[in-house]
Amino acid sequence: MIHAAGVVEDGVLPSKTPASVDRVFTPKIQGTLQLEELLAGETLDFFVAFSSTSAWLGPAGQIDYTAANAFLDAFAQHRTAKTKQRTLAIGWGVWSEVGMAARLVEPTPEPARTDRKGHHEAPALHPLLGKCLVREPREIAYLARYRSDALWLLDEHRLADGTALVPGTGYLELARAAADRGDALAIRDLSFLSPLVVAEGEERAVLVRLAAEPDESWRFEVSSRAASAPDDEEWQLHAQARLERAGASARAPLALAELRARCGTIANDALDAQKQQLRFGPRWNVVQELRFGSAEALALLELPAAFRDELATYKLHPALLDLATGFALRLLAREGERANDVFYAPLGYARVRVHGALPARVVSHARLSSKRPASAELALFDVAICDETGHVLLEIEEFALRRFAASSALGAGRTTARAAQTAAKSGARAHHVDATLQRMVEQGIRPKEGAEAFERVLASGRSGPILVSSIDPMALRAALEQKEREDDSSQTAAFARPALASDFLAPRDEIEQGLAKLWQELLGVEQVGVQDDFFALGGYSLIAVRLFARVKKTWKVEFPLAMLFEAPTIELLAARLRDELGESFTASAPTGAPAAPPKKRKFRHLVLLHPAADGNAARPPFFLVAGMYGNVMNLRHLAGHLGSDQLVYGIQARGVEGSDDPDETFEAMAERYIAELREVQPHGPYVIGGYSGGGIAAYEMAQQLTAAGEQVALLVFLDTPVPLEPPLTPGKRLKLARLRLQKHGPGIFVGAAVRKLKHQGKRLKSLVQKPLVKLRPADFRTERIEAAFYRALDRYQLRPYAGRVALFRPPQDAAFQLGPDHIVNEQASWVEPLNGWGPWIEGGPELHLVTGDHDNMVLEPNVRVLASQLRSAIDQAITPKS
């Protein structure tokens with residue numbers, strides 16, 4: 001057996017996500033464990049796992065890949081000792097010509113102008129996408145060449161000084177075109193990280209990449225570099241997002257007559273101010289009528305007839321869409337402010353649902369978002385775009401715009417110069433890393449050498465981990481350590497505080513001082529005032545990721561990236577932190593790093609296992625009750641695989657934390673859980689479930705909620721048995737013994753006697769040693785919760801339930817038939833296809849078979865099967881029926 005699968009994803013630790021780590025772990029760790037399970041009992045000549053020298057070197061940016069390969073090294077030693085069969089983990093060094101490292105440094109292929117026979121290449125898939133370079137099940141990539149004089153998207157969208165750049169709506173069309181498979185599309189967290197500017201006479205290579213995530217979504221990225229750049233030059237990242245299927249159908253049609261009545265002020269000149277900052281071409285001449293009301297606006301727009309043929313290709317036409325989303329800026333006007341002194345630049349979209357292509361004539365309704373009111377520097381709009389009948393084609397939630405002074409928006413000023421210097425430095429470091437990797441690949445293992453080395457390793461008779469490298473590993477480790485020291489020293493330089501609109505105001509308490517220190521380190525600025533703007537100091541999304549990772553580590557508080565849009569200064573962010581920590585502002589506190597007080601818990605039973613990606617998911621939360629012992633820790637794997645838009649709360653039992661006595665009845669449990677559940681979701685439809693015995697508490701919750709007039713969309717049992725099992729009467733026990741004897745022979749009694757003696761020996765040993773053992777409080781709590789659960793089980797009276805129920809269980813071991821309706825497994829536990837719930841659920845529960853057993857169905861790797869089926873069941877339950 002040769003196991004050679006592997007994936008590497010370089011990146012700094014704060015940029016790692018559970019999903020990205022999972023992509024790296026899955027082939028090496030989960031794949032190895034699956035093979036081990038499938039091969040159990042087989043006699044192999046050898047089991048070879050392909051590891052890497054990364055397990056020994058620990059290179060920067062590969063913490064997950066290093067861990068995965070270290071697992072393979074340990075597995076080889078463990079399996080050799082356990083099975084006495086030869087198991088190897090070959091730690092391959094860098095390869096030349098083939099392999100992941102070689103792919104990283106080889107030139108990105110350009111779209112061929114002709115094929116090998118000299119024929120002209122086929123037309124591009126989409127003018128903005130260019131040619132498809134990669135189309136694999138987990139990755140798709142496109143490469144195009146952009147010139148401002150050859151692409152109307154650039155030529156007709158310029159700053160006042162003539163600079164051509166891609167509009168924000170261009171990325172929406174890129175995402176739609178790249179993911180176009182005939183399904184409705186949801187675009188989440190589309191962030192603009194840097195403008196895609198194409199200078200006059202320049203040609204830029206634009207790379208659009210889709211990478212599959214474990215939750216069936218796709219990571220979307222747009223990058224570019226000069227088309228004439230050397231192969232080792234870094235790509236500049238401009239935008240990133242997550243793409244998913246839209247799911248539920250579009251909302252109800254817009255009541256256009258009512259909207260026109262509310263938006264009674266016609267102001268067709270409302271875009272004149274923005275047009276002074278931007279030079280639009282003829283495709284942007286789309287405005288027919290603009291109407292304004294209180295915090296909302298309505299626009300009628302029409303693409304000029306000369307360009308309507310483009311709608312067959314540009315289904316989200318960027319010119320039409322640009323003004324359909326940005327026409328309502330008049331709602332942000334301040335008294336006495338000159339319109340041409342202000343410029344609003346897009347920052348991104350929280351969520352965009354695409355339900356259909358845009359026609360030539362559309363109506364757009366924009367309103368200031370009520371979720372996050374407009375601040376002095378940030379505005380958020382919700383936009384719905386429909387046809388003339390009101391049928392909604394596009395929904396946008398939280399379109400974020402940033403207010404700039406006109407000069408700074410146009411790219412001038414010291415801030416931009418400082419940011420450019422920082423980018424140049426980081427680019428030089430990146431180039432150095434690429435050059436180092438290039439040299440390693442040039443000296444790497446060639447395919448023929450690798451094949452010969454593999455044969456020598458097999459012929460050696462060795463087991464366990466072994467390194468195979470064409471480069472001296474000690475010299476390579478020394479070179480990597482030296483490079484890391486150089487990188488660390490190059491990051492110590494800091495720039496003077498740039499000229500900003502805000503005056504310098506020093507930090508005034510410990511939290512502000514702690515935040516200021518973080519900003520200084522991450523932004524490379526010598527001095528940061530509490531009213532200085534994060535973005536004005538050169539901050540951007542990737543630095544924000546690192547900032548909030550440090551905030552979480554220091555204060556144990558987790559914020560979404562969007563928080564920087566609401567609180568872009570230390571003063572505002574510190575106020576949010578104090579609210580979370582329950583602290584008040586105290587000026588002139590002692591200097592130093594802030595303490596890390598524990599975050600105040602709002603709930604005793606509800607535990608947030610998985611937040612929604614945007615912090616405000618449209619799907620109802622999933623509330624999942626823990627099993628008999630009341631602890632939710634084993635459910636965290638399932639929560640993480642249910643999708644980025646699925647909020648998941650675990651429900652832990654009373655007594656898991658603190659000295660509270662456990663509940664003695666399921667009725668009392670359900671009442672407590674519902675009280676906290678309703679603080680998160682006051683009204684239904686609810687999605688509730690329980691693992692193992694926790695399903696009985698969830699069943700009682702559903703009963704109580706239904707009795708209170710609430711709707712329970714779905715009740716989920718994760719291998720929950722019915723509380724009422726057929727008793728093992730003396731006659732059935734005798735029959736079970738006879739059936740065991742027939743199946744296993746007389747040796748079964750010897751084995752049973754040996755097991756009983758071992759059990760009694762362990763019990764006697766524990767009694768003798770008990771005074772010497774110091775039990776933890778958690779040990780006492782677990783025993784008390786288990787005992788209380790069984791008492792509650794004895795008291796519980798089942799009642800019929802008419803709601804929708806989905807039962808997920810692994811295959812059953814139906815070993816012995818003791819009666820017409822009484823089948824047991826090897827452990828003498830009752831097994832029944834519906835776990836006994838058939839008579840108590842109207843129409844019976846929906847049965848879903850999953851992999852694994854009762855314990856590991858919620859653990860890796862079996863949890864992936866469970867999560868996929870559970871996600872589908874929830875989708876069916878919450879999707880309105882047509």
Side-chain angles (χ1 to χ4, degrees), residues 12-15 347 372-380 400 402-405 408 413-415 418-419 422 491-602 611 615:
V12 295
L13 181 58
S15 70
L347 294 176
R372 296 173 185 159
S375 65
E377 304 298 332
L378 176 76
L380 295 108
R402 174 89 180 156
R403 182 182 185 275
F404 292 93
S408 64
R414 292 172 60 189
T415 299
R418 189 204 64 78
T422 304
Q491 294 175 8
T492 58
F495 295 90
R497 179 176 179 267
L500 301 173
S502 58
D503 294 329
F504 176 76
L505 180 62
R508 299 156 297 184
D509 71 349
E510 289 186 357
I511 289 181
E512 289 183 350
Q513 291 161 359
L515 286 173
K517 184 178 179 181
L518 292 181
W519 287 33
Q520 288 169 344
E521 294 175 1
L522 296 174
L523 293 170
V525 180
E526 291 178 347
Q527 193 178 46
V528 177
V530 298
Q531 295 179 347
D532 294 350
D533 185 280
F534 176 81
F535 299 100
L537 290 171
Y540 53 92
S541 297
L542 297 181
I543 293 179
V545 170
R546 299 173 61 194
L547 171 64
F548 283 141
R550 298 280 293 274
V551 167
K552 181 180 178 181
K553 181 178 180 180
T554 304
W555 288 282
K556 310 300 186 290
V557 173
E558 188 166 6
F559 285 134
L561 289 183
M563 179 63 72
L564 270 179
F565 297 151
E566 301 176 45
T569 68
I570 289 174
E571 184 176 46
L572 294 173
L573 190 58
R576 298 300 179 97
L577 261 175
R578 294 188 201 98
D579 288 343
E580 290 290 326
L581 298 171
E583 295 185 0
S584 58
F585 174 72
T586 305
S588 302
T591 303
K599 182 181 177 182
K600 292 190 175 181
R601 287 277 306 279
K602 184 178 182 180

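The basis for the numbers below is simple: all heavy atoms, side chains too, and nothing from hydrogens, waters or symmetry mates. The chain is numbered in sequence order, starting from 1. Remember, it's a predicted structure, so these values are computed and weren't measured experimentally.
A distance of 11.0 Å separates CG of L577 from CD1 of I570, quoted to the nearest 0.5 Å.
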- Task: Please assess R578 against E510 for the test salt bridge (Lys or Arg N to Asp or Glu O under 4.0 Å), listing each intermediate value before the final yes or no.
- Result: CA-CA 11 Å; R578 294 188 201 98; E510 289 186 357; over 6 Å; no
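Closest of all the heavy-atom pairs between Q527 and Q520 is CA-NE2, 3.8 Å. Nearest heavy atoms, W519 versus D532: CZ3-O, 3.6 Å. Annotation for E512 and E571: closest pair OE2-CA, 4.1 Å, computed over non-hydrogen atoms. L522 approaches L547 most closely through the heavy-atom pair CD1-CA, 3.4 Å. Here the closest non-hydrogen pair linking A400 and L380 is CB-CD2, 4.3 Å.
Counting heavy atoms from C-beta on, the side chains of R576 and E580 never come closer than 4.5 Å. Between I511 and L573, every side-chain heavy-atom pair lies at or beyond the 4.5 Å cut-off.
The only member of V530, V551, T554 that meets side-chain contact (heavy atoms from CB on, under 4.5 Å) when paired with L515 is V551.
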